[in-house]
S.K.: 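One structure, as structure tokens, below. Some questions next.
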Protein chains: 4
Amino acid sequence: MAKAKSLRKPGRPRSLAAREAVLEAAYQIVMSEGVGRLTIERVASETGVGKPTIYRSWANAQELAMAAFMAQPEEEFKLPKGSWKELLQAHLSSVIKTFSSSRGRQITLTMASAEQESELAKAFRNQVILKSREAGRKLLEQAIASGSVKSTFDIEAVLDMLYGPLFFRLLTGHQPLNSSLANHLVETLFEGIAVADA
Amino acid sequence: MAKAKSLRKPGRPRSLAAREAVLEAAYQIVMSEGVGRLTIERVASETGVGKPTIYRSWANAQELAMAAFMAQPEEEFKLPKGSWKELLQAHLSSVIKTFSSSRGRQITLTMASAEQESELAKAFRNQVILKSREAGRKLLEQAIASGSVKSTFDIEAVLDMLYGPLFFRLLTGHQPLNSSLANHLVETLFEGIAVADA
Amino acid sequence: MAKAKSLRKPGRPRSLAAREAVLEAAYQIVMSEGVGRLTIERVASETGVGKPTIYRSWANAQELAMAAFMAQPEEEFKLPKGSWKELLQAHLSSVIKTFSSSRGRQITLTMASAEQESELAKAFRNQVILKSREAGRKLLEQAIASGSVKSTFDIEAVLDMLYGPLFFRLLTGHQPLNSSLANHLVETLFEGIAVADA
Amino acid sequence: MAKAKSLRKPGRPRSLAAREAVLEAAYQIVMSEGVGRLTIERVASETGVGKPTIYRSWANAQELAMAAFMAQPEEEFKLPKGSWKELLQAHLSSVIKTFSSSRGRQITLTMASAEQESELAKAFRNQVILKSREAGRKLLEQAIASGSVKSTFDIEAVLDMLYGPLFFRLLTGHQPLNSSLANHLVETLFEGIAVADA
DNA sequence: TGCTAAGCGAGACGGTACGTCCAGTCTTTTG
DNA sequence: CAAAAGACTGGACGTACCGTCTCGCTTAGCA
């Protein structure tokens with residue numbers, strides 16, 4: 001009888017313990033001091049893991065930061081009952097709360113300083129930045145299906161009108177970031193600003 | 001006879017030529033290779049200006065980058081004739097065109113990587129990032145005054161619904177950045193997405 | 001019933017092919033780039049042999065270098081006919097020719113950088129460095145036996161007066177290394193430098 | 001009247017204190033643990049001098065080792081009274097004593113592992129390795145002038161017959177290194193090994 | 001006219017971090 | 001069950017910049 005083919009590569013497997021220690025230490029540094037203070041050197045010395053071992057998994061400190069965020073995922077957003085408007089406001093409000101934390105600020109900076117092209121950057125964008133936007137998309141699609149909302153608009157633009165302001169304020173800090181923003185955004189979005197024609 | 005009070009500080013005045021050479025070189029580097037490649041060392045060696053001379057004017061490379069952008073200002077936005085909606089679309093469209101350039105991307109990255117607190121960062125934000133937003137504010141206020149548009153909404157939120165999506169897409173690249181976005185944004189903003197009540 | 005006694009050790013035998021490939025690759029590297037450029041890592045990657053396999057046979061790069069030289073032995077020295085003086089000069093001359101090659105230089109450097117104590121180092125010394133000195137000793141002993149040469153001197157010192165200058169010049173390069181040296185050495189050795197007493 | 005030309009180079013002068021601390025630390029390491037244990041990293045951390053500062057003066061650890069030896073020169077050899085033969089024996093004896101120390105062994109290893117071409121290597125060779133050989137040359141020349149010694153031999157070869165055996169034994173360790181060697185060498189050199197003709 | 005204060009360039013300084021190479025060891029699978 | 005092979009930890013490499021510090025030398029207002 002044929003021998004079972006081994007699915008493993010030859011050689012010593014990568015150390016899971018080292019990987020976890022590195023991701024954890026990186027996360028702590030980023031959260032407490034910011035992405036700018038995350039260096040491979042420091043992670044290596046704090047964890048006792050060798051630098052080459054870290055470089056074997058991540059190409060530079062930005063990648064490591066993204067991986068660290070992805071390894072410590074956000075909790076899921078929960079939706080209360082209510083009208084579509086209320087649902088959307090509640091959702092946006094919780095997203096704002098999440099991103100106005102230190103973690104949110106650091107995530108945004110990390111995204112900004114990363115190379116957009118790399119695979120890891122795309123994964124980070126989708127898993128960490130755009131996950132809530134996808135939740136918003138589902139809400140909108142359900143609202144359309146239920147007939148409470150028009151179906152004629154460009155959904156990508158609408159989504160960005162809801163989530164864009166959040167990151168804009170996070171980056172520039174020109175306006176406060178709180179849940180009343182969620183209400184204003186959704187209110188304006190539903191009603192429009194044009195005066196009602198007679 | 002009373003001595004004329006000197007407005008000048010004692011000692012040799014700072015060299016204007018050095019200042020201009022530094023700003024120009026910094027701008028070239030940022031535009032051609034990105035903010036990340038701008039180092040004081042390099043600017044010093046390319047211009048022949050001493051490092052301490054550069055540090056006397058700017059605290060670090062980020063500040064220099066911001067100063068370089070401010071010294072090379074954007075041209076003004078011109079507004080064609082038309083309805084308020086058309087005016088706003090045209091304005092947004094030209095802002096998008098400006099920021100979707102290499103310069104726009106680098107400005108955004110510079111903003112993202114700067115310390116938000118410093119005086120220079122605030123000036124940069126107001127002069128470079130938010131200048132167009134202020135132009136949009138004027139347009140909106142005029143539209144309100146003319147009665148074509150409601151006056152009940154939160155103008156800050158509305159402005160961020162127009163400009164936020166731009167920077168959001170610039171940073172994450174999840175959606176294309178072109179003038180059709182301007183149209184979708186303004187259209188949705190004026191009309192809202194709620195189904196018209198009977 | 002007793003099992004036939006196996007003459008083999010248990011387990012997989014060492015790969016002769018791997019051993020030969022390693023020695024050959026090491027020799028090539030040492031000859032073309034010098035002992036200092038010989039690293040286990042490089043030999044492993046060039047031959048496709050695993051590093052532990054190499055370490056199983058040699059403790060470090062110096063040992064491997066010595067082993068590589070020993071696996072590629074020098075051809076024997078041939079002696080023409082003539083007086084003892086001529087024989088000795090011819091012998092020294094051929095030794096000088098051999099050692100003034102690239103191989104000779106690398107052998108000397110290898111000896112210099114090796115730990116003197118190890119068994120392999122002693123073997124290397126005897127087989128590679130001192131083999132020609134032993135040939136010289138035989139010549140001298142025959143000359144003594146034949147009565148052409150005194151028997152009162154310290155033969156070790158005399159041998160080192162013949163071979164020492166060679167390695168001295170090889171290491172420091174302060175004087176050229178050619179066959180005229182052989183003549184001068186032997187001439188001076190036979191005659192001495194003291195003025196003949198009346 | 002013409003202004004006095006400045007003899008100094010522009011810029012901050014190199015720190016003498018740093019230079020001395022580095023040379024001293026390097027010397028201590030080499031003497032106590034051997035050339036192989038001298039690393040720039042270690043010298044930097046022990047002295048508090050930055051690595052780039054060290055590299056500004058020396059290209060690698062070997063150069064630093066040579067510089068360290070040159071900064072800690074050998075004491076001069078003193079010559080007692082006696083015949084030329086006795087003088088030469090005394091001199092060689094003291095050279096042997098010097099080089100059979102730990103310092104001598106390390107100097108020889110350093111020479112062996114250095115690039116022969118560099119300026120510093122040549123200086124090291126002349127100042128540290130060949131200084132005593134030059135002293136020996138003077139002795140010989142005086143002996144020739146005084147008529148006690150022939151003038152027909154090749155002085156370079158003769159010098160290497162005296163000093164070569166020393167380094168040969170130092171490197172290979174095949175024979176002991178003590179002052180009786182000095183006597184044998186000089187004895188043989190003066191008298192030759194050929195049987196006296198009738 | 002000469003003094004003085006602050007500018008200027010150059011370049012070395014102590015440092016931090018980079019990303020790489022290599023040494024030797026450990027842990028798998030393979031023959 | 002030892003050999004083979006790849007990943008491991010860890011030390012050092014040599015380089016790039018950081019931001020600061022001496023230097024010797026302008027430059028320009030003030031006395």
Side-chain angles (χ1 to χ4, degrees), chain A residues 3 6-15 17-18 37-45 47-57 59-61, chain B residues 3-4 6-15 17-18 37-45 47-56 58-61, chain C residues 8-15 18 38-45 48-57 59-61, chain D residues 3 6-15 17-19 37-45 47-57 59-61:
Chain A
K3 193 172 58 179
S6 170
L7 296 173
R8 273 193 111 145
K9 287 181 190 170
R12 181 174 174 175
R14 294 199 178 169
S15 159
R37 305 294 294 274
L38 178 69
T39 67
I40 301 290
E41 193 94 23
R42 181 166 168 193
V43 172
S45 88
T47 57
V49 169
K51 278 205 292 175
T53 300
I54 301 180
Y55 278 108
R56 216 170 282 125
S57 294
N60 49 46
Chain B
K3 190 173 63 181
S6 171
L7 295 173
R8 275 189 104 149
K9 288 180 189 168
R12 178 176 176 176
R14 294 198 181 168
S15 158
R37 305 293 295 271
L38 178 70
T39 66
I40 301 291
E41 194 95 22
R42 181 167 168 190
V43 172
S45 90
T47 57
V49 169
K51 279 204 294 173
T53 302
I54 302 179
Y55 278 107
R56 218 169 280 125
W58 302 279
N60 50 46
Chain C
R8 274 185 103 158
K9 286 182 190 168
R12 180 176 173 176
R14 291 197 182 171
S15 157
L38 178 70
T39 66
I40 302 291
E41 191 94 23
R42 180 166 170 192
V43 172
S45 88
V49 170
K51 281 205 291 175
T53 301
I54 302 178
Y55 278 107
R56 216 167 284 122
S57 296
N60 49 47
Chain D
K3 195 172 58 181
S6 171
L7 294 175
R8 269 192 112 148
K9 284 182 191 167
R12 180 175 175 174
R14 295 200 177 170
S15 158
R19 176 183 185 85
R37 304 295 293 272
L38 178 68
T39 67
I40 302 290
E41 193 96 24
R42 180 167 169 191
V43 173
S45 88
T47 58
V49 170
K51 275 203 294 175
T53 299
I54 301 180
Y55 279 108
R56 219 170 278 126
S57 295
N60 48 48

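Below, chains carry the letters A, B, ... as their sequence lines are ordered, and counting in each starts from 1. All heavy atoms count here, side chains included; hydrogens, waters and symmetry mates do not.
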S.K.: Roughly, in whole Å, what's the span from CZ in C:Arg42 to P in E:dC22?
M.R.: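 Nearest whole value for this atom pair: 8 Å.
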
S.K.: Over how many whole Å does the gap from C:Asn60 atom CG to E:dT25 atom C1' extend?
M.R.: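 C:Asn60 atom CG is separated from E:dT25 atom C1' by 15 Å.
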
S.K.: Name the residue closer to the 5' end of DNA chain E, choosing between C:Ala61 and A:Ala61 according to the nucleotide with the nearest heavy atom.
M.R.: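 In this pair, the answer is A:Ala61.
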
S.K.: Relative to the 5' end of DNA chain F, which residue comes earlier, B:Ala59 or A:Ile54, by the nucleotide with the nearest heavy atom?
M.R.: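 Counting from the 5' end, the first nearest nucleotide belongs to A:Ile54.
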
S.K.: At less than 4.0 Å, is any side-chain N or O atom of D:Thr53 found next to OP1 or OP2 of E:dA12? Yes or no.
M.R.: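 Result: no.
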
S.K.: Has the side chain of A:Thr53 got a donor or acceptor atom that lies under 3.5 Å from a matching backbone atom of A:Val49?
M.R.: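 Here the side-chain-to-backbone pair does not exist.
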
S.K.: Taking all non-hydrogen atoms of both residues, which atom of B:Gly50 and which atom of B:Ala44 are closest, and how far apart?
M.R.: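 Taking every non-hydrogen atom into account, C-CB, 4.5 Å.
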
S.K.: Do the side chain of D:Arg12 and the base of F:dC21 come within less than 3.5 angstrom through a donor-acceptor pair of N or O atoms?
M.R.: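 Present.
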
S.K.: Determine whether any donor atom in the side chain of C:Lys51 lies under 3.5 Å from an acceptor atom in the base of F:dA5, or the reverse, and answer yes or no.
M.R.: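 Under the 3.5 Å cut-off, the side chain and the base do not form any donor-acceptor pair.
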
S.K.: If you pin A:Val49 and C:Pro52 to their nearest nucleotides in DNA chain F, which one's is more 5'?
M.R.: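 Nearest-nucleotide comparison on DNA chain F picks C:Pro52.
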
S.K.: Could you state the CD-C1' distance from A:Glu41 to F:dG11, rounded to the nearest angstrom?
M.R.: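 A:Glu41 atom CD is separated from F:dG11 atom C1' by 11 Å.
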
S.K.: Any heavy-atom pair between the side chains of D:Ile40 and D:Asn60 that's under 4.5 Å?
M.R.: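 Result no, sub-4.5 Å side-chain heavy-atom pair not found.
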
S.K.: Please state how far atom CD1 in C:Ile40 lies from atom C1' in F:dG11, giving the value in whole angstrom units.
M.R.: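 For the pair C:Ile40 CD1 and F:dG11 C1', the rounded distance is 17 Å.
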
S.K.: Figure out the OH/C1' separation between D:Tyr55 and E:dA12, and round it to whole Å.
M.R.: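 Result: 18 Å.
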
S.K.: Between D:Arg14 and D:Arg19, is there a side-chain heavy-atom distance shorter than 4.5 Å?
M.R.: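 The answer is no; the side chains never approach within 4.5 Å.
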
S.K.: Can you tell me how far C1' of F:dC17 sits from CZ of B:Arg37, to the nearest Å?
M.R.: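 B:Arg37 atom CZ is separated from F:dC17 atom C1' by 13 Å.
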
S.K.: What's the CZ-C1' distance between A:Arg14 and E:dT29, to the nearest Å?
M.R.: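 Checked: the CZ to C1' distance equals 18 Å.
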
S.K.: Give the rounded distance in Å between these two atoms: CG of A:Leu38 and C1' of E:dT16.
M.R.: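 About 14 Å, once rounded to whole Å.
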
S.K.: Hey, does the side chain of C:Arg56 come within less than 4.0 Å of F:dA2's phosphate (OP1/OP2), counting only N and O?
M.R.: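 For F:dA2, OP1/OP2 do not have a side-chain N/O of C:Arg56 under 4.0 Å.
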
S.K.: Could you tell me whether the side chain of B:Thr47 reaches within less than 4.5 Å of the side chain of B:Val43, counting heavy atoms only?
M.R.: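 Yes, at least one pair of side-chain atoms sits under 4.5 Å.
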
